Structures are given as structure tokens and as C-alpha cells.
Amino acid sequence: ENIMNYEEIKKYDKEYNLHSWTAQKDFSPMVVTKADGIYFWDDKGKKYYDMSSQLVNLNIGYGNKKVIEAIKNQAEKLSYISPAYAIDVRSEIAKKVLEIAPENMGKVFFTLGGADANENAIKMARLYTGRTKVFSRYRSYHGSTFGAANLTGEPRRYTCEPGIPGFIKFFQPYLYQDKIKFESERAAAEYYVQRLREQIIYENPETVAAIVMETVTGSNGVIIPPDGYLEGVRKVCDEFGIMMICDEVMAGWGRTGEWFACDNWNVKPDIISFAKGITCGYVPLGGVLVSKEIAKFFDDNVLMCGLTYSAHPVSCAAGCATIDVYKEQKLIQNSKNMGIVLGKELEKLKEKHASVGDVRYIGLFSAVELVKNKETREPLVPFGKDPEKIMSKIIGMLKDKGFSTYSHENSIIVAPPLIIKENEIKEAMNIFDEVLT
Ligand code: PLP
């Protein structure tokens, strides 16, 4: 039984809660009353397709009994013990994560989420290399804590400026809106890798600890690296002894049809940060995977990293159960298979609608980019500005028809739970089609 009725829930939320990324006065949160599978319901009993898996983290969907049981059991057995102790679920999850990670990975350090995974990833790269500078890209999001926000290459960084000295930004290929036209993906990749290499030379490579990148750029519009790009960055890192850090917080855990997004290309990062899909939001967990070489370095050098809730027992138990769910329900394969179905639906939208400039997809990770003019590719709203709130109106229209997701700049994210079925994709994408019409 609810302690408060729906009016009270709304009233006290308005009165006492601060909500992220918004001015509070006009913000009116939906009251959610239940959720199951790929759906959730509001206080009027209306049902929504969760077409963004909340914040692209709810990969196994709502209400998974196995994960819930694991959480309950662990809470009863041992709900907390400091990270210094060894316990069954702590050992088991590390082993499980290393089994599915790229083969060059050696050990894992657990955090609570994505931002602190990135904070610790850059600390480890700095400790290992003895260098201080960190490169990251424009059009990226790495979290909102001070260090992670300084890695972030878009307006969510601005409140943390002036930034941390030695945090340097570079551009990634964004072929759809690039003003330079390349004859092939490989040519574009070559160009961007060479520009990066030059920039590193001018920054003094011996001072550069790491290059941080989302393997597939997520909230900034599902920007997929062109052929040869990640391999090229890997080569530059090898040439100068720089750590390649792939942020797989959003793209990891089956989202792209592979356990880790870097598995789609022939690239092995030195460090991988992850979060979201490891527990799918049931409880918080993130982590940093490091290569065998880096792991060995910390045999004799102190790992100057620590969190009260590192490898929290309840999170570890949930993570173990979640990994089992991915395997038992073959969700990585389903992401790949359903990704093909979703891709076809997205291509239909692009063909049919004058407002759809580009659709990008890999596995069940996709975005629809809206334009004012398909020929000139003029964006629907200019960068960083949407005074008429056009994008939020479109998101509102989708929601009114039961399609829940969010947007960033001109891109609308479509990233449903990996348990979604073919008919559900088609039903939901029909809603998208109606709204665009
Ligand atoms: N990195 C990426 C690529 C993300 O998408 C996010 C969150 O959306 C983060 C890091 C930050 O993760 P968290 O919100 O768990 O701190």
C-alpha cells in the first residue's frame, strides 16, 4: 500500500526534491506507479513503452525476479562489509566480469556508477603512466562529478569551468553533420586520427596519460565510429605510450549487440569504464577494468583509489545475477537480432519523413536525428538552444502516445530493453511514425 496518495506524492516531490538538469518551477514529474518488462505505468493507469531503457541502463527490463531475489538474499546475509574484505559475491562478480571482458583485461575496481568509474579510470592512467594530461572529445558525456564533467565535451561541462588544467578536447568524426565531405569512412577516420596525432605532438606526448572516449558516443546522438577510427586511435596510443580508455558506461553490456562495444571492432583498450547495464539500475554499480599490465603495476604501486561503497555486497550480488540473466536469456544475441528489426523500422522513418535527416543504429542502440531541411541538413534546433522547446514538445507528443524516451540536441534516443520482442518494436515504432507525421 502506498503511504501517500498520488496528489501527495506530486505535492511533496515539488516541495522538497531537487531534480537534475532542469529549472524546478515548471518541471512536472510524472508519477510512476508500477513497471514490468519493457513497460511502466503512470498514476492514471496509462502504459508506456520504455524506449530508452530509462537512462539506457535498464537492459534486462523491469521486475526481473532473479535479480530481485539476489538483492533480497544478500541484504539478509551480509548487507555491508568494507571493500577491504573478501566475500563470495565480491570474488564471484570480479571473476564473471573478467570472463566476458576483452582478453587483455586483468583486474577490475568497482565503483557506484559511471562518473566515479571515469574519475578512477583517469586516476589509474595517471598513476600508471606518471603523466598528467587527459584527452577527451567534444560531443561526449562522461558524468557530472567534477573530473568526469571536465572530460565531458558538451554544455553539461560548462558549470565546472574553468576546467582542470591539462584536460584537452578534440573532435570526433560526426560524418552526417561534418562540413568536410570524405570519400569514404576510412578516409574520414584517417583524417581525424591524423589531426589527433598532431594535437598530441603539440601537447608534448610525454605528458599525455590517457585518451578517453565513448566507444560509441551515446547521449550525444549515438555517433558510431567510422571504419578504422578506433584502430587508428589505438595505434596513436601505442606510438606514444598513452592509455586508451573506453567509456562503455552506456555502450557496454550488450547494448550494441556485443558484451562490450569495443568487441565490434578489432580494438583492445587499456582501460574500460562501465556501469549502467551491469546491474541495470536495480542497485548502483560501476567499475573500471584494467589491462594485465596495469594490474601488474599495482602489485608494487599503491592504488590510490577508494570508495566506502566500492564493490558493495548487495550490488555485487545483483551484478552476478544480472550477468546470469544476460546469459540465460541470450540478451546479447537478442540485441543483435532485434537491432536488425529496429534498423529496418528506422530506415522506413528516414525514407518517409522530411524531418528525419539521419538514423544511426548498432544493436539496440540508436538515434533519430531531426533536421529542418533534409537537403542542407540544417538542424531542427541550433546547437545548445531550443527557445521554443521544439524537442521537448516532440518528446511530450511521443510520451502522450505511450512512447517514452529522451533527446539531446537534435537526436532522439531509441534504446529499448534488450528483452524487447519484434512485435513490440514494430508497435512502438508505429507510434514514432504517427508523431513524426
Ligand atoms: N559515461 C557515459 C557514456 C554515460 O552515458 C554516463 C551517464 O549517462 C556516464 C558516464 C555517467 O554515469 P553515471 O550517471 O552513472 O555517473
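Please read these numbers as outputs of a predicted model, since none were measured by experiment. Whatever order the structure lists ligands and atoms in, that order sets their numbers, starting from 1.
Taking atom 5 (O) of ligand 1 as the reference point, the nearest protein heavy-atom neighbour is M250 CE, 3.4 Å. Looking at atom 16 (O) of ligand 1, its nearest protein heavy atom turns out to be A115 N, 2.8 Å. The closest protein non-hydrogen atom to atom 1 (N) of ligand 1 is D247 OD2, 2.7 Å. For atom 9 (C) of ligand 1, the nearest protein heavy atom (residue, atom name, distance) is V249 CG1, 3.7 Å. The protein heavy atom nearest to atom 2 (C) of ligand 1 is Y141 O, 3.3 Å. Nearest protein neighbour of atom 13 (P) of ligand 1, counting heavy atoms only, is G114 N, 3.4 Å.
The pair E239-R197 meets the salt-bridge criterion, with a side-chain N (NZ, NE, NH1 or NH2) lying under 4.0 Å from an Asp/Glu carboxylate O.
Residue contact check for ligand 1: N118 places a non-hydrogen atom closer than 4.0 Å to it. Ligand 1 has K276 within reach: a non-hydrogen atom of the residue lies less than 4.0 Å from it.
The side-chain hydrogen bond (donor to acceptor under 3.5 Å, both in side chains) test with S219 singles out one residue from R156, E214, R139, and that residue is R156. Just one residue in the list D116, N118, T111 forms a side-chain hydrogen bond (donor to acceptor under 3.5 Å, both in side chains) with S273, and that residue is N118.
Geometrically, ligand 1 and S219 share no nitrogen or oxygen pair separated by less than 3.5 Å. For ligand 1, the polar-atom distance check finds no N/O of A275 at less than 3.5 Å from any of the ligand's N/O atoms.
Remark: K169 fails to qualify as a cation-pi partner of Y138 under the 6.0 Å distance and 45° angle criteria applied to the six-membered ring.
In this pair, F182 and Y191 present their aromatic rings tilted. The plane angle is within the 30 to 60° band. Between Y12 and Y16, the ring-plane angle classifies as parallel under the 30° and 60° cut-offs.
Side-chain contact check for T405 versus I395: some heavy-atom pair is nearer than 4.5 Å. Inter-residue side-chain proximity for I200 and I211 is flagged as met; some heavy-atom pair is nearer than 4.5 Å.
Ring-centre distance between Y39 and Y49: below the 6.0 Å cut-off.
Under 4.0 Å from ligand 1, the heavy atoms of H142 that appear belong solely to its backbone.
Short contacts between ligand 1 and G113, defined as distances under 4.0 Å to a heavy atom of the residue, involve ligand atoms 15 (O). Ligand 1 places these atoms under 4.0 Å from at least one heavy atom of E214: 3 (C).
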